[in-house]
Amino acid sequence: QVQLVESGGGSVQAGGSLRLSCTKSGYTHSGRYMAWFRQAPGKEREGVAVIDMNGATTYADSMKGRAAISKDNAKNTLYLQMNSLKPEDTAMYYCAARASPDPPSPWHLWNLYAYWGQGTQVTVSS
């Protein structure tokens, strides 16, 4: 059973930075494609960034240049470094892992990922 546990959320002022972490345990194939999603109240869950088993990354347009997704395979940990945070980045952030070894297409569809963490709240004040 795959388990994902996020941490690192918090409250910051606009322009600040946060690094989210997601520790994974369980089935290794679920680590081939891992992603960060976020969901603000009243809005749909949206993809923030995805990383594949080779370290290739893709970002949502809203996060390009402000976020970096990375992973440490030895620690089974996924990271999301976010800089220049804006109030509109306020949301619950979720770590997700795809069960299938095939690439998610499109990557930002949340229902293509089988495993989810409980989320970590990010609040950015102006």
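What's counted below: heavy atoms across the whole structure, side chains too, no hydrogens, waters or symmetry copies.
- Here the side chain of Thr90 pairs no donor or acceptor atom with the backbone of Glu88 at under 3.5 angstrom.
- For the pair Ala97 and Leu4, the tightest heavy-atom approach, listed with the atom from each and the gap, is N-CD1, 3.8 Å.
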Quiz prompt | From CA spacing to verdict: side-chain contact (heavy atoms from CB on, under 4.5 Å), Gln81, Ile69 | solution = CA-CA 6 Å; Gln81 176 70 43; Ile69 186 172; over 6 Å; no
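- The minimum heavy-atom distance linking Gln121 with Ala91 is given by the pair NE2-O, 3.4 Å.
- No single ILVMFWY cluster, assembled from side-chain heavy atoms under 4.5 Å apart, contains both Val48 and Trp107.
- Listed here is the closest heavy atom pair of Ser84 and Ser17: N-OG, 4.4 Å.
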Please tabulate, for side-chain N and O atoms in residues 5-15, each donor-acceptor pair with protein atoms closer than 3.5 Å (sequence neighbours left out).
unit_1 : atom_1 : unit_2 : atom_2 : d
Glu6   : OE1    : Gln118 : N      : 2.9
Glu6   : OE1    : Gly119 : N      : 2.8
Glu6   : OE2    : Cys95  : N      : 2.7
Glu6   : OE2    : Gly119 : N      : 3.3

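- Of all non-hydrogen atoms in Ile51 and Ser70, the two that sit nearest each other are CD1-CA, 3.9 Å.
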Practice problem: Could you please spell out the steps behind the side-chain contact (heavy atoms from CB on, under 4.5 Å) verdict for Gln39 and Glu46? | Solution: CA-CA 6 Å; Gln39 188 167 20; Glu46 63 175 358; over 6 Å; no
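- Both cation-pi conditions hold for Arg19 and Tyr79: the charged atom is under 6.0 angstrom from the six-membered ring centre and inside a 45 degree cone around its axis.
- The ring pair (Phe, Tyr, Trp, His ring centres under 6.0 Å) with Phe37 is formed by just one residue from the set Trp110, Trp116, Tyr94, Tyr93; it is Trp116.
- Rounding to the nearest 0.5 Å places CG of Leu109 at 10.0 Å from CZ of Arg98.
- Between Lys64 and Asp61 there is a salt bridge, since at least one side-chain N of the basic residue sits less than 4.0 Å from a carboxylate O of the acidic one.
- A 4.5 Å side-chain heavy-atom check between Tyr33 and Ser100 finds every atom pair outside the cut-off.
- A distance-only check finds no donor-acceptor pair linking the side chain of Tyr59 to the backbone of Val50 [under 3.5 Å].
- Asp52 contributes a side-chain N or O that, together with a main-chain N or O of Asn54, makes up a donor-acceptor pair within less than 3.5 Å.
- Taking every heavy atom of both residues into account, Pro104 and Tyr113 meet most closely at CG-OH, 3.4 Å.
- No chain of hydrophobic side-chain contacts below 4.5 Å, direct or via other Ile, Leu, Val, Met, Phe, Trp or Tyr residues, connects Leu112 to Met34.
- Residues Arg66 and Leu85 share a closest heavy-atom pair of NH1-CA, 3.8 Å.
- Once rounded to the nearest 0.5 Å, the distance linking CG of Leu78 with CG of Asn73 reads 10.0 Å.
- You'll find the side chain of Lys71 reaches within 4.5 Å of the side chain of Met53, heavy atoms only.
- Taken to the nearest 0.5 Å, the CG atom of Asn76 stands 12.5 Å off from the CD atom of Gln3.
- Within the 4.5 Å cutoff, side-chain heavy atoms of Val122 are placed close to those of Met82.
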